[in-house]
Amino acid sequence: MAEAERFALIDCNNFYVSCERLFNPKLEGRPVVVLSNNDGCVVSRSSEAKEAGVKMGVPLFKITDLIKQHGIVTLSSNYALYGDISERIMSILRNFSPSQEIYSIDECFLDFSGIADGLAHGRLIRQTIKQQAGVPVCVGIASTKTLAKLANGTAKKSTECGGVFDISALTDRQRLELFAAAPVGDVWGIGRKLVERLEAIGVHTVKEFHDSDLDKMKELFSVVVERTIRELRGQSCLAMTEIAPVRKQILSSRSFGTYVYELGDLEQAVATYMATAALKLRADESLAGALQVFIKTNRYAAPEDLYSQTATVTLKNPTDDSIQLVKAAISALRQIYKKGYAYQKAGVCLLDLSSINERQLSLFQSEASVSRSEKIMKLMDATNSTMGRGTLYLAAEGQNHRWQIKSNFKSPEYTTSWKELPIAHAK
DNA sequence: TCTGGGGTCCTAGGACCC
DNA sequence: TCTGGGGTCCTAGGACCC
């Protein structure tokens, strides 16, 4: 008999908050939230903050009273730190299965097929990560990815299961009871809009969704919804993908710390974002064939103050050269800039990406000019990598970034910056 | 005063071709 | 004058995820 497929989903609890606590144990037991870029809204909450009533994604200015009332600690996000902790955790997890798919910064799937006692293996994982990385995780196990996600949600909510939950160990009846008690919005891939539409046709629980008619749901919704129902029924439609496919686009954008009015400031911002995007492009060993630039006012502004425009440029020759990309981006920006608006955000997007190994020189492009550009970019990237970000930059990026984001509560880069290594004091 | 950023996939609709 | 319909490709926008 063929072995039954099984997946485990390992997900860190309150990941960003857990990372902050590693280096600042005083945060243990206290309500803590981590904020998005620009200190805009809440992106991670400790259990104490959840209990205090802080909702996910809420803007900071709406919870000033709650913060005072409960003494909630607010922290700016520190992505260099979270990325570093994530890498450590993922490399530990790699040892627990022949196949791992890293799904996001704080979660991965492991192939659990053929593991006799999934629950025991899950508990071992949980214990090991806590011990070696200091971060609490939960483990969900099931015969499909969608069910493993659901199992992980149960592991997080339930107090009895000790952070590990296996749907494939349930009887049919137990499984249906679990489905009947869960709202359909708990299912991976069913977001706010779909919940609205599903409820309108009388589907409220996971069980009702699971029991619905496949053909009808495909017709009413989409092939994705149909596939999700199949997965809930135990028919695996989503396989493990161990090698992350190459990115198809690279986006770099930021909200400004204060409104921006002048073209000159926007040009600096767009040049800076493009330099960031181009660095990622070179790290991927890709070339961009096209790029987009967008600028927008605050989307909550009055209708007469709203403006949002995108310009797309197709490049004659695909490139990874920051200088060329910045030039193209700035000329695109000049086409869409309109004076008189309070701009709140700008960004660039690299599109039509191809592998550098498949570069084709056009008639008008000499090998010499390409290799000169390569040398300059290599020098710039190497310098910035050893001497620190921003050591070498393009003149267009400018110096006085009046528009730069706010980051008022940022923790030090404990693990990724020599200057900010924590100091251990002997008692 | 103050509302994130970076991705993916799917669909609808227009352009174009035969 | 009469002016189809199916296929494909591309793009913009929406929905979703973390």
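Chain letters run A, B, ... following the sequence lines, proteins first and then strands; every chain starts at 1. When reading the values below, keep in mind they use all heavy atoms of this one structure, side chains included, and skip hydrogens, waters and symmetry mates.
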With heavy atoms under 4.0 Å as the rule, sort [X] into base, sugar-phosphate or nothing.
X	answer
A:Leu35	nothing
A:Ser77	nothing
A:Asn38	nothing
A:Tyr273	nothing

| task | Would you please say whether a donor-acceptor pair under 3.5 Å links the side chains of A:Thr297 and A:Gln344? | result | no
Can you find a side-chain donor-acceptor pair between A:Asn317 and A:Thr319 that sits under 3.5 Å? no
Output, in order, the C-alpha distance, side-chain angles, deciding distance and verdict of salt bridge (charged side-chain N to carboxylate O under 4.0 Å, His left out) for A:Lys410 and A:Asp39. CA-CA 9 Å; A:Lys410 193 166 167 220; A:Asp39 296 338; over 6 Å; no
Using only side-chain N and O atoms of [X], determine if any of them is under 4.0 Å from OP1 or OP2 of [N].
X	N	result
A:Arg247	B:dG7	yes
A:Ser255	B:dG5	yes
A:Gln344	B:dT3	yes
A:Ser36	B:dT3	no
A:Lys248	B:dC9	yes

message: Please report whether the ring centroid of A:Phe179 lies less than 6.0 Å from that of A:Phe209.
response: no
request  = Would you confirm whether the ring centroid of A:Trp403 sits within less than 6.0 angstrom of the ring centroid of A:Tyr261?
outcome  = no
Please work out whether the ring planes of A:Tyr343 and A:Tyr337 are parallel, tilted or perpendicular, with thresholds of 30° and 60°. tilted
Quick one: does NZ or CZ of A:Lys145 land under 6.0 Å from the six-membered ring centre of A:Phe109, within 45 degrees of the ring axis? yes
d([atom1], [X]; [atom2], [N]) in whole Å:
X	N	atom1	atom2	answer
A:Tyr82	B:dG6	OH	C1'	17 Å
A:Lys406	B:dT1	NZ	C1'	8 Å
A:Tyr16	B:dG4	OH	C1'	10 Å
A:Lys345	B:dT3	NZ	P	11 Å
A:Leu306	B:dT3	CG	C1'	14 Å
A:Asn298	B:dC2	CG	C1'	9 Å
A:Leu251	B:dG6	CG	C1'	6 Å
A:Met274	B:dG6	CE	C1'	15 Å

**Request:** Decide, applying a 5.5 Å centre-distance limit and a 30° plane-angle limit (both strict), whether A:Tyr300 stacks on B:dT3.
**Result:** yes
Taking for A:Gly57 and for A:Gln249 the nucleotide of DNA chain B with the nearest heavy atom, the one nearer the 5' end belongs to A:Gly57
DNA chain B nearest-nucleotide lookup for A:Thr276 and A:Phe221: closer to the 5′ end is A:Thr276
Which atoms of nucleotides 14-18 of chain C (N or O only) lie under 3.5 Å from a protein N or O atom, and what are those distances?
unit_1 : atom_1 : unit_2   : atom_2 : d
C:dC16 : OP1    : A:Gly191 : N      : 3.3
C:dC16 : OP1    : A:Gly191 : O      : 3.3
C:dC16 : OP1    : A:Lys193 : N      : 3.3
C:dC16 : OP1    : A:Leu194 : N      : 2.7
C:dC16 : OP2    : A:Lys193 : N      : 3.2
C:dC17 : OP1    : A:Gly189 : N      : 2.8
C:dC17 : OP1    : A:Ile190 : N      : 3.2
C:dC18 : OP1    : A:Lys149 : NZ     : 2.6
C:dC18 : O3'    : A:Ser104 : OG     : 2.7
C:dC18 : O3'    : A:Asp106 : OD1    : 3.0
C:dC18 : O3'    : A:Glu107 : OE2    : 3.4

Is the number of heavy atoms from other residues, nucleotides or ligands under 6.0 Å of A:Asn400 CG greater than 12? no
Which of B:dG4, B:dT3, B:dG6 is nearest the side chain of A:Arg299? It is B:dG4
Q | Salt-bridge contact A:Lys216-A:Glu226 (side-chain N to carboxylate O under 4.0 Å) | A | no
Treating A:Ser252 as the side-chain partner and A:Tyr273 as the backbone partner, does any N or O pair qualify as donor plus acceptor under 3.5 Å?
yes
Could you tell me if the side chain of A:Lys130 sits less than 4.5 Å from the side chain of A:Val135, heavy atoms only? no
Output row for DNA chain C, stems defined as at least 3 consecutive Watson-Crick or G-U pairs under 3.5 Å, is B:5-18 with C:5-18
